[in-house]
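Data block below; observations after.
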Number of protein chains: 2
Amino acid sequence: MLTGHQTWKFPIPPVILSTATVVGPDEGEGPLVNDFDIVHGDLMLGQDSWEKAERVLLEESTKLAVENAGLTNGDIQCFVAGDLMNQIISATFAARTLSVPYLGVFGACSTSMESLAIASLLVSSGAANHALAATSSHNCTVEKQFRYPTEYGSQKPPTAQYTVTGSGAAVLGREGRGPRVTSATIGRVVDMGITDPFNMGAAMAPAAVDTIEAHLRDLNIEPGYYDMIVTGDLATVGYSIANELFEKHRIPMHQTNYYDCGLLVYDVNTQDVQAGGSGCACSAVVTYGHLLKKIKSGEMDRLLVVATGALLSPLSFQQGENIPCIAHAVAIESGRRG
Amino acid sequence: MLTGHQTWKFPIPPVILSTATVVGPDEGEGPLVNDFDIVHGDLMLGQDSWEKAERVLLEESTKLAVENAGLTNGDIQCFVAGDLMNQIISATFAARTLSVPYLGVFGACSTSMESLAIASLLVSSGAANHALAATSSHNCTVEKQFRYPTEYGSQKPPTAQYTVTGSGAAVLGREGRGPRVTSATIGRVVDMGITDPFNMGAAMAPAAVDTIEAHLRDLNIEPGYYDMIVTGDLATVGYSIANELFEKHRIPMHQTNYYDCGLLVYDVNTQDVQAGGSGCACSAVVTYGHLLKKIKSGEMDRLLVVATGALLSPLSFQQGENIPCIAHAVAIESGRRG
């Protein structure tokens, strides 16, 4: 299983039996609207708090993913999930609703691929026949918790990112038809001394590059092995820094198509989203909604998703700490090639 | 690997190559003082904030555990850790210091066994040759975050629990001498409608019983299989409720020695700790410090640790939510018997 120092190459690659994505109004106005299963027209989802609305996003995506796989909750041996809220309450309350064994995880916005990697390990190792990986984020819960009261409407610098309102879930199984998770690279914490929470793309880019470098080295492959490599939520500033770092580290990314989920989920030229999308749901809804459809349709065969996370807390920021970052990579392949 | 619905029975049981425990002054005045590796005389540890002090606890325990195993950080393929702080910053900053691949997890006080279970799965499945599991808590960081500013010195009801200041870490390997992790049962979220954060033992007891019941059913064993079963941090109120529930559910716990780490770590009769200990570090330091010594010395052979977690956040409590709870169980055996 362990290949190189930080990569798991799954001897029995788990099958992604189904996925489901739920998003809010801004994502519904973005270019990927047709790739999402449920698009909500308002941010409250009929709830009396944003936190409850976020929980509903996660409850909807997990319910739908289990249904789409033709399964019931009783077939799921483990729910692996996390989110950005203090004590990951969205995931916990969704786990209460699902009533299945639950592993809570936290990797900030890298949670999407951390949960998918762990769920894949569970299934590949035989610790679960079916595992459910999911994450969520909500623009207003995150603004309120990490920045200023949302009602202030405080101005933001153009380097800031816009948290995706949404949730993505995937059901993994040992057998069946569908794209397979072939490997996962677990990231290290990278801290380049950045302390500005309004410029998280710059903080996260080096972590993404560190993990991509480790992934390629561990598996002894080049970027061209993949039809596409996407980072999680670097947005314009981080994407440009990542490209500079690839050049500096002589990683031949020109061999592949390199995108960032934070730039795919919104139209940064016409939508008021500053540098682009972020949040746990950003890479989750883009991967589970948009990119997996491209694999299923035959448009591509090999995808590497490198979800990035800024591991700050409001308190660590207030106490003057740097923003430590991490990135976890998961490879998803159609199996049509090799 | 999967046995029954929620238990992993490790075909290659990972070896606990080493552990390390670090505690604060109150734990140093408790009955287990001689079982801990480092006992700090003050709560600040020479730092300028309690959060930094907590981080030092975790940095010390992980450093010592790696050294005690005769390894270096480069030998560790994965650090699995979490804590009670918002966005688990103690674990993140310790991961930055260690500079090894890192999976952040959150299960409130069940994090001790959640991290040990996942680290065991990594080693048993071959995803890591060596994995490091750890957690921490600090009385003052928790009081400040979950209850009232610590300086208030607000009075507490006798059902309240006293958060352990400490950290416990364990290094797991595929080969070597030492106790082995033989199985792990992943808990479900159990919510009995309790909303009082000053009575978490009562909220957590049903989760502990649910997981113990699942563990025994999945492995088709009786409590007498174990020389000892310990819950994580139910303290006096929760311990008594758990005993009532065992009786009600006809679980013959009289066959074994049933204790609670929250009642072992302090002398509740002489120390001013209300109902007893709690916090991620409670079950971690009692297990890694006290109980493993009993296994190594031959005093016992089979131990089941059932770490309990109250998955509330300050916000979920303020919004009137119940306290959802969870418990994860890990079996540790000497291998001397069967």
Side-chain angles (χ1 to χ4, degrees), chain A residues 1-2 5-6 8 11 49 51-52 74 77-78 82 84-89 91-93 95-108 111 114 117-118 121-122 124-129 145 185-191 214 309 311-316 319 321-322 324 326 328, chain B residues 1-2 5-6 8 11 49 51-52 74 77-78 82 84-89 91-93 95-108 111 114 117-118 121-122 124-129 145 185-191 214 309 311-316 319 321-322 324 326 328:
Chain A
M1 182 91 76
L2 180 68
H5 189 69
Q6 51 193 106
W8 309 336
S49 75
E51 288 76 18
K52 286 183 188 161
Q77 278 87 27
C78 204
L84 288 167
M85 291 292 90
N86 296 342
Q87 289 74 50
I88 57 167
I89 47 165
T92 293
F93 284 107
R96 181 180 68 176
T97 304
L98 287 163
S99 193
V100 303
Y102 163 56
L103 291 172
V105 297
F106 180 78
T111 299
E114 178 180 351
I118 294 176
L121 178 67
L122 290 173
S124 180
S125 68
N129 297 323
Q145 180 179 283
T185 299
I186 305 305
R188 300 179 302 171
V189 172
V190 174
D191 180 349
L311 304 170
L312 80 165
S313 85
L315 189 68
S316 71
Q319 292 185 347
E321 290 289 351
N322 296 342
I326 200 163
H328 301 299
Chain B
M1 181 92 75
L2 180 68
H5 190 69
Q6 51 191 106
W8 309 336
S49 75
E51 288 76 19
K52 285 184 189 161
Q77 278 87 26
C78 203
L84 288 167
M85 291 293 89
N86 295 343
Q87 288 74 51
I88 58 168
I89 47 166
T92 294
F93 283 106
R96 181 181 67 178
T97 303
L98 286 163
S99 193
V100 303
Y102 164 55
L103 291 172
V105 296
F106 179 78
T111 299
E114 179 180 351
I118 294 176
L121 179 67
L122 290 172
S124 181
S125 69
N129 297 324
Q145 180 178 282
T185 299
I186 304 306
R188 300 179 302 170
V189 172
V190 173
D191 180 350
L311 304 170
L312 79 165
S313 85
L315 187 69
S316 72
Q319 292 185 347
E321 289 290 352
N322 295 342
I326 200 164
H328 301 300

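Residue numbers begin at 1 in each chain, while the letters A, B, ... track the order of the sequences.
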- Could you tell me which non-hydrogen atom of Gln87(A) sits nearest to which non-hydrogen atom of Pro314(B), and how far apart they are? OE1-CD, 3.2 Å

- Item | Interchain contact, Ala128(B) with chain A, by part (heavy-atom threshold 4.5 Å) | backbone

- Task: For residues Phe93(B) and Ser316(A), report the shortest heavy-atom separation together with the two atoms involved.
- Result: CE1-CB, 4.0 Å

- Smallest separation among heavy atoms of Glu114(A) and Gly104(B), with atom names: OE2-O, 2.7 Å

- Message: Tell me the closest heavy-atom pair linking His328(B) and Leu103(A), and the distance in Å.
- Response: CE1-CD2, 4.3 Å

- Residue set satisfying side-chain contact (heavy atoms from CB on, under 4.5 Å) with Ser49(B), at least two apart, ordered chain then number -> Gln319(A), Glu51(B), Lys52(B)

- Query: Which one, Leu2(A), Leu312(A), Thr111(A), leads in non-hydrogen pairs under 4.5 Å with chain B?
  - Reply: Leu2(A)

- Top of Ala127(B), Ser125(B), Gly74(B) for chain A proximity - count of heavy-atom pairs under 4.5 angstrom: Ala127(B)

- Note on the structure: chain A shares the most heavy-atom pairs under 4.5 Å, among Glu321(B), Met85(B), Gln145(B), Gln6(B), with Glu321(B)

- Please report the closest heavy-atom contact between Val189(B) and Thr92(A), naming both atoms and the distance. CG2-O, 4.1 Å

- Item | NE2 on His5(B) to SG on Cys78(A), rounded to 0.5 Å | 9.5 Å

- Query: Which pair of non-hydrogen atoms, one from Leu122(B) and one from Trp8(A), has the smallest distance, and what is that distance?
  - Reply: CD2-CZ2, 3.3 Å

- Message: Quick one, Arg96(A) with Asn322(B), criterion side chain to side chain contact (heavy atoms under 4.5 Å, CB included). Give me CA distance, side-chain angles, the key distance, then yes/no.
- Response: CA-CA 11 Å; Arg96(A) 181 180 68 176; Asn322(B) 295 342; 4.2 Å; yes

- Query: So how far is it from Met1(A) CE to Asn129(B) CG, rounded to the nearest 0.5 Å?
  - Reply: 12.0 Å

- Query: Rounded to the nearest 0.5 Å, what separation is found between the CG atom of Leu311(A) and the CD1 atom of Ile88(B)?
  - Reply: 7.5 Å

- With chain B, which of Ser124(A), Ala95(A), Gly187(A), Gly107(A) has the greatest number of heavy-atom pairs at distances under 4.5 Å? Gly187(A)

- Query: For the candidates Pro101(A), Gly126(A), Ala108(A), Gly309(A), which exhibits the highest count of non-hydrogen atom pairs separated by less than 4.5 Å from chain B?
  - Reply: Pro101(A)

- Ranking Leu315(A), Asp191(A), Ile186(A) by heavy-atom pairs under 4.5 Å to chain B gives rank one to Ile186(A)

- Contact list for residues 98-108 of chain B, test salt bridge (Lys or Arg N to Asp or Glu O under 4.0 Å), sequence neighbours left out: none

